[in-house]
Amino acid sequence: MAVFFDVQRGLPRQGPGSHDSTSKALALCADLPSEPRLLDVGCGPGAQTMVLAANLPGRIIAVDNCQEYLDVLRDRAAQAEVADRVEILNADMAALELPAESIDIIWCEAAAYAIGIPTALQAWRPLLKDGGYLVFSELVWLWLQEHAPAALREFWASEYPAMTSVDAVLKSIDAAGYQREGDFTLPDEAWWAEYYGPLEAKLPGLREKYASDQMALSVVEATQAEIEMRRNYPTYYGYQFFVTRKLSGPSPAP
């Protein structure tokens with residue numbers, strides 16, 4: 001994990017995304033209160049948190065379990081002069097100790113995979129007010145998985161065996177008591193401009209740094225392999241933004 005954090009350290013983002021994609025998803029959230037209360041789960045160093053803070057007048061609770069990322073976010077919030085509206089919380093996304101029905105929007109970019117989409121949908125629903133929004137992005141197959149090249153299927157079977165399709169995620173949304181408000185695929189540039197581009201530029205220096213450490217080098221080369229998969233097979237998989245709204249009533253049985 002120390003090498004993993006070294007690979008990720010200093011990047012604009014810790015996963016695919018963009019200012020425009022965050023703004024597009026936020027625009028699908030209608031009828032918000034004048035000062036909505038937003039929970040940014042798995043916020044990382046807060047690239048999307050800053051977009052949300054710039055576009056919403058309410059308070060944001062930014063949650064992650066990596067203190068290093070939270071420290072970066074704290075500095076970003078201070079520089080953007082929004083620190084008074086961004087509460088930073090080191091906590092487990094699967095066990096958030098917040099008041100029931102206290103949140104207007106739950107936001108999660110490229111992080112819900114850590115506990116699984118069905119688990120996230122169920123765990124976070126009690127925190128939302130009736131009619132509140134759950135907005136998240138998730139890595140999905142855009143074509144039928146069996147039609148993907150063998151090398152790509154084998155790579156993601158190893159790296160993210162729970163990866164599924166857009167339709168499967170939509171079915172999970174329905175089953176968990178949410179209404180679909182819209183979804184869209186992140187454009188390819190959202191992978192490269194602030195994530196894979198800066199990440200790949202770091203790798204030569206990391207190879208030199210860890211030249212005598214084969215275990216660390218394997219993490220570096222796995223990162224390069226992930227980048228090459230995206231470069232070679234961009235049409236088969238992607239990140240999908242899902243905008244959903246909590247239906248009234250008790251949570252459906254899991």
Side-chain angles (χ1 to χ4, degrees), residues 4 7-29 38 40-56 60 62 64 66 69 72-73 76 80 93 105-114 117 120 133-143 145 148-149 152 155-156 159-160 162-170 173 180-203 222-244:
F4 171 81
V7 170
Q8 296 286 322
R9 187 171 289 119
L11 300 177
R13 290 178 174 269
Q14 264 55 55
S18 68
H19 182 291
D20 288 346
S21 296
T22 298
S23 298
K24 181 177 178 178
L26 183 59
L28 294 175
C29 300
L38 184 144
D40 185 4
V41 184
C43 63
Q48 73 291 331
T49 317
M50 292 298 92
V51 178
L52 296 167
N55 285 277
L56 289 174
I60 296 173
D64 205 282
C66 175
Y69 290 161
V72 173
L73 172 55
R76 283 179 165 176
M93 69 166 65
I105 310 175
I106 295 178
W107 202 274
C108 184
E109 291 198 26
Y113 76 91
I117 295 302
Y133 287 90
L134 171 56
V135 183
F136 63 96
S137 64
E138 168 69 352
L139 186 66
V140 293
W141 292 104
L142 299 176
W143 293 71
Q145 182 177 351
L152 184 62
F155 178 83
W156 285 115
E159 295 297 316
Y160 186 24
M163 180 175 165
T164 185
S165 66
V166 174
D167 285 345
V169 175
L170 292 174
I173 289 168
R180 309 177 194 177
E181 295 294 323
D183 64 277
F184 61 91
T185 307
L186 268 65
D188 198 50
E189 58 264 28
W191 290 74
W192 293 98
E194 294 186 349
Y195 187 49
Y196 277 164
L199 178 58
E200 190 169 34
K202 286 189 64 178
L203 298 186
T223 304
Q224 183 70 64
E226 180 180 329
I227 292 170
E228 292 304 323
M229 286 295 163
R230 184 64 193 177
R231 181 172 282 126
N232 294 331
Y233 307 113
T235 61
Y236 290 94
Y237 66 103
Y239 264 94
Q240 194 82 357
F241 246 121
F242 298 91
V243 180
T244 77

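All heavy atoms count here, side chains included; hydrogens, waters and symmetry mates do not.
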- Charged N to carboxylate O under 4.0 angstrom, E200 versus R230? no
- Item | Donor-acceptor under 3.5 Å (R76 side chain, P45 main chain) | yes
- Item | Within-4.5 Å side-chain heavy-atom neighbours: V166 and F242 | yes
- Query: Okay, side chain of K202, backbone of R9: is any donor-acceptor separation there less than 3.5 Å?
  - Reply: yes
- Query: Heavy atoms, side chains only, cut-off 4.5 Å: are F155 and E226 in contact?
  - Reply: yes
- Message: I want to check something: taking the side chain as every heavy atom from C-beta on, are I173 and F136 in contact at a cut-off of under 4.5 Å?
- Response: yes
- Message: If I take atom CG from residue L26 and atom CG from residue L56, how far apart are they, to the nearest 0.5 angstrom?
- Response: 5.0 Å
- Note on the structure: Value for CD (E189) from OG (S21), rounded to nearest 0.5 Å, stands at 7.5 Å
- Shortest non-hydrogen contact from E194 to P12? O-CD, 3.5 Å
- Message: Ring-plane angle category for W191 and Y239, please: parallel below 30°, perpendicular beyond 60°, tilted otherwise.
- Response: tilted
- Task: Could you pull out the closest heavy-atom pair between C43 and T49, with the gap in Å?
- Result: CB-OG1, 3.9 Å
- When every non-hydrogen atom of Y69 is compared with those of G44, the smallest separation belongs to CB-C, 3.5 Å
- So, W156 versus Y160, ring centres under 6.0 angstrom or not? no
- Message: With heavy-atom distances below 4.5 Å as the criterion, would you say the side chains of E159 and M229 are in contact?
- Response: no
- Nearest heavy-atom approach of W141 to A148 is CZ3-CB, 3.7 Å
- Task: Determine yes or no for a side-chain-to-main-chain donor-acceptor pair under 3.5 angstrom, with E181 supplying the side chain and L28 the backbone.
- Result: no
- Note on the structure: Distance col, row L73:CG vs D40:CG, nearest 0.5 angstrom, shows 8.0 Å
- Task: Flag the pair H19 / M50 as yes when at least one side-chain heavy-atom distance between them is below 4.5 Å, and no otherwise.
- Result: no
- Distance col, row K24:NZ vs L186:CG, nearest 0.5 angstrom, shows 9.0 Å
- Query: Going from CH2 on W192 to CG on L199, what distance comes out if it is rounded to the nearest 0.5 angstrom?
  - Reply: 9.5 Å
- Task: Answer yes or no: is there a side-chain heavy-atom contact under 4.5 Å between V169 and T164?
- Result: yes
- Are any of the side-chain heavy atoms of N55 and T22 separated by less than 4.5 Å? no
- Nearest heavy-atom neighbours spanning V135 and C29: CG2-SG, 3.8 Å
- Item | Euclidean distance, L134 CG relative to T244 OG1, rounded to 0.5 Å | 4.0 Å
- Return the minimal non-hydrogen interatomic distance between S23 and V51, and the atom names on each side. OG-CG1, 3.6 Å
- Between E228 and Y233, is any side-chain donor less than 3.5 angstrom from a side-chain acceptor? no
